[in-house]
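Only one structure is covered here, and it is reproduced in the block below.
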Amino acid sequence: MKITLKDGSVKEYAQAMSAYDIALDISEGLARVACAAEINGEVKDLRTMITEDAELSILTANDAEGIRTVRHTCSHVLAEAVKRVFPDAKLAIGPSIDTGFYYDFEHAPFSREDLDKLEAEMKKIIKEGHKLEKFTLPRAEAIKFMEEKGEPYKVELIEDLPEDSEISFYDQGGFVDLCAGPHLMNTKGIKAFKLTSSSMAYWRGDSNKAQLQRIYGTAFNKKEELEEYLAYWENVKNRDHNKLGREMELFTTVDVIGQGLPLLMPKGAKIIQTLQRWIEDLEDNEWGYMRTKTPLMAKSDLYKISGHWDHYKEGMFVFGDEEKDKEVFALRPMTCPFQYYVYKASQKSYRDLPCRYSETSTLFRNEDSGEMHGLTRVRQFTISEGHLIVRPDQMVEEFKGCLALAKYCLETLGVNDDVTYRLSKWDPNNKEKYIGEPEVWEETQNHIRNILKELEIPFYEAEGEAAFYGPKVDINAKNVYGKEDTMITIQWDALLAEQFDMYYIDQNGDKVRPYIIHRTSMGCYERTLAWLTEKYEGKFPTWLCPEQVRVLPISEKYSEYANKVAAEMKKNGIRVTVDERSEKIGYKIRETRLAKVPYMVVVGQKEEEENLISVRSRFLGDEGQKELKTFIADICEEIRTKEIRKEQVAEETK
RNA sequence: GCUGAAAUAGCUCAGUCGGUAGAGCACUUCACUCGUAAUGAAGGGGUCGUGGGUUCGAGUCCCAUUUUCAGCUCCA
């Protein structure tokens with residue numbers, strides 16, 4: 001039996017051996033920190049017997065898989081601690097996740113004091129140094145075993161496994177848990193962990209099922225790494241748009257206005273206005289879009305045709321009662337049918353297509369009350385929503401154009417590297433959820449796949465994420481807490497034209513159904529503002545800054561000159577203010593820096609006499625004296641090109 | 001919607017056993033007229049989220065409600 005190791009070396013063994021024994025053979029020191037083994041590309045338990053030639057790499061706690069194993073074992077230690085401290089608790093499920101691990105229990109809510117108590121117990125278990133021993137039972141025996149232990153959730157989990165399978169368990173010094181592994185060899189391998197929080201979670205994520213209590217924790221190889229991680233999360237709060245955005249006065253919320261209805265304040269509104277004007281001009285002038293302005297509400301009749309009345313009524317704000325009132329209205333949750341009627345208002349020739357409609361569109365969705373969050377989950381939001389009505393032969397080219405536009409927008413904002421592109425496909429095993437023929441689905445998905453490849457966009461594919469009428473590309477971004485949100489979506493729709501009886505007249509004079517692309521170029525503006533706030537920590541690129549330059553006279557004596565300088569900048573379209581207060585220059589600089597204004601212009605006697613300005617920027621610090629003309633030309637160019645300048649790494653005192 | 005936590009000055013927070021509401025920053029005024037990250041002094045500012053209840057007396061205890069946060073589910 002030949003074993004090929006990661007470094008390319010080959011070892012030969014006469015008999016079958018476990019990965020652990022091989023690890024021991026290679027290096028005793030390595031085996032001590034080893035967690036699991038990657039055997040022929042698959043992560044397996046260290047005890048896995050290797051019976052034939054294999055490629056083997058022993059994963060240590062330093063590997064990505066290794067740390068997952070540490071965390072996984074840590075979740076078992078947590079489960080044991082819970083059983084020791086709260087014997088009545090029932091065990092549900094406890095995996096490792098990107099940020100650590102969690103375990104769900106049936107128990108009363110855990111307080112912070114409970115978590116501290118559990119941490120202490122876990123430390124004890126780790127110190128006791130239990131070996132983790134794997135054993136298996138036939139399914140029927142496994143069910144009986146967990147029934148006797150009084151663990152109904154475990155029984156349910158086993159019942160979902162195939163009839164004839166062998167169920168694996170891990171025993172850590174008497175505490176036994178159902179688990180596929182892999183695990184550490186010994187609880188002593190856990191060097192640094194912390195229970196971070198607890199919350200409610202539904203059994204199997206189903207809100208109709210039992211409510212469990214989830215305990216979150218994290219684990220690392222070294223104490224320093226854990227401390228670094230905890231410090232990072234402490235620091236993340238300073239980037240959180242929901243905190244920073246309020247501090248910087250981008251937006252606020254008011255009790256009596258309501259949940260999910262943030263108020264954009266002058267600074268936030270200015271940024272959104274800047275984005276909006278950019279997108280609208282870009283779409284209209286360079287990408288051939290036609291602007292529409294359609295009603296924010298409509299009679300229920302419209303939503304009955306679109307299908308929203310039957311499928312999305314819960315998510316809409318409805319006014320009136322169908323039994324009592326002659327007319328019932330609802331605020332719109334999307335713009336599609338409104339723009340379809342714009343198309344339908346006149347008869348179209350094949351020469352008129354593609355019709356690219358776009359609207360800076362405010363939408364209303366009645367989200368569940370617990371869903372609202374800052375600017376990212378709201379009940380009223382504005383998107384650059386467009387619908388392209390195209391001939392089938394134009395579909396690929398137009399879809400490509402939508403993707404290229406979205407990519408251009410992301411690149412301009414400097415965030416293209418932070419997003420993931422997802423090809424959202426239908427689920428062939430769940431045909432009822434989707435309309436249309438399987439061949440059509442496969443064909444359109446192939447088209448989109450080819451377009452993505454042609455544009456050299458890295459993407460992944462996900463089944464069951466498509467819209468009911470067609471596949472789509474979703475462009476997702478993570479917020480500072482690692483939670484993913486869709487920023488942009490481009491949807492391929494070969495079916496809804498039928499529902500709305502849309503057509504065009506082709507060369508032969510026949511009526512033909514067009515295809516439709518539903519797309520956004522910048523998605524939701526509120527969400528984009530939140531995203532940029534977190535990405536840039538409030539230090540927006542100059543072209544987006546609500547205040548681009550602040551002029552700081554050294555004393556009141558130079559106010560007149562300061563205002564003259566500011567007026568000249570204003571004439572050139574620069575957003576500039578003057579701080580005329582009788583404060584020391586150091587104080588004004590500090591305040592301007594904390595306000596994250598990109599440029600400060602300091603003027604005093606020297607500048608006034610020589611007709612110059614002194615510049616200090618977020619990018620280079622003190623830039624010295626300059627001609628006003630030069631400064632204006634430079635900053636105007638920076639704004640025009642939407643340049644993202646590199647921030648100076650400076651000690652920030654707060 | 002569900003589970004838990006929270007709400008005190010514009011902001012960050014303190015407020016003990018139920019006994020007259022506190023600090024720092026910010027704001028206003030005055031003095032200083034200043035050269036690259038905090039000048040000094042004085043002053044104003046609160047129905048303690050809202051509505052009930054218990055009590056001689058409630059920021060503090062109880063109930064309801066609104067909003068915010070964390071998480072579940074859902075979603076742009």
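Sequence lines set the chain letters: A, B, ... in the order given, protein chains first and strands last, and positions in each chain run from 1.
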Discussion item. I'd like to check the side chain to side chain donor-acceptor pair (under 3.5 Å) partners of A/N476; sequence neighbours left out, ordered by chain and number.
Written reply: A/T486

Worksheet item: Of all the base pairs, Watson-Crick or G-U under 3.5 Å, which form stems of three or more consecutive pairs involving RNA chain B?
Response: B:1-7 with B:66-72, B:10-13 with B:22-25, B:27-31 with B:39-43, B:49-53 with B:61-65

Practice prompt. Just grab all the side chain to side chain donor-acceptor pair (under 3.5 Å) pairs involving residues 249-269 of chain A, residues at least two apart or on different chains.
Written response: A/R246-A/T253

Item to complete: Apply ring pair (Phe, Tyr, Trp, His ring centres under 6.0 Å) to A/F193 and list each qualifying residue two or more places apart in sequence or on a separate chain.
Response: none

Pairs: protein N or O with nucleotides 2-5 of chain B N or O, under 3.5 Å:
residue : atom : partner : partner atom : Å
B/C2    : O2'  : A/Y202  : OH           : 3.3
B/C2    : O2'  : A/Q211  : NE2          : 2.3
B/C2    : O2   : A/Y202  : OH           : 3.4

Discussion item. Heavy atoms within less than 4.0 Å of RNA chain B: which residues of residues 358-366 of chain A have one? Give them sorted by number.
Written reply: A/R365

Discussion item. Which residues pass the ring pair (Phe, Tyr, Trp, His ring centres under 6.0 Å) test with A/Y469, not counting sequence neighbours?
Written reply: A/H518

Discussion item. Can you pull out the residues from residues 267-280 of chain A that lie within a 4.0 Å heavy-atom distance of RNA chain B?
Written reply: none

Discussion item. The criterion is side chain to side chain donor-acceptor pair (under 3.5 Å); which residues satisfy it with A/T577, sequence neighbours excluded?
Written reply: A/E547

Practice prompt. Round to the nearest Å and state the distance from A/Q259 atom CD to B/C74 atom C1'.
Written response: 15 Å

Each nucleotide N or O in nucleotides 23-31 of chain B that has a protein N or O under 3.5 Å away: list the pair and distance.
residue : atom : partner : partner atom : Å
B/A26   : OP1  : A/Y587  : OH           : 3.1

Worksheet item: By ring pair (Phe, Tyr, Trp, His ring centres under 6.0 Å), which residues pair with A/Y102, not counting sequence neighbours?
Response: A/Y216

Fill in: Any residue meeting ring pair (Phe, Tyr, Trp, His ring centres under 6.0 Å) with A/Y303, in chain and number order, not counting sequence neighbours
none

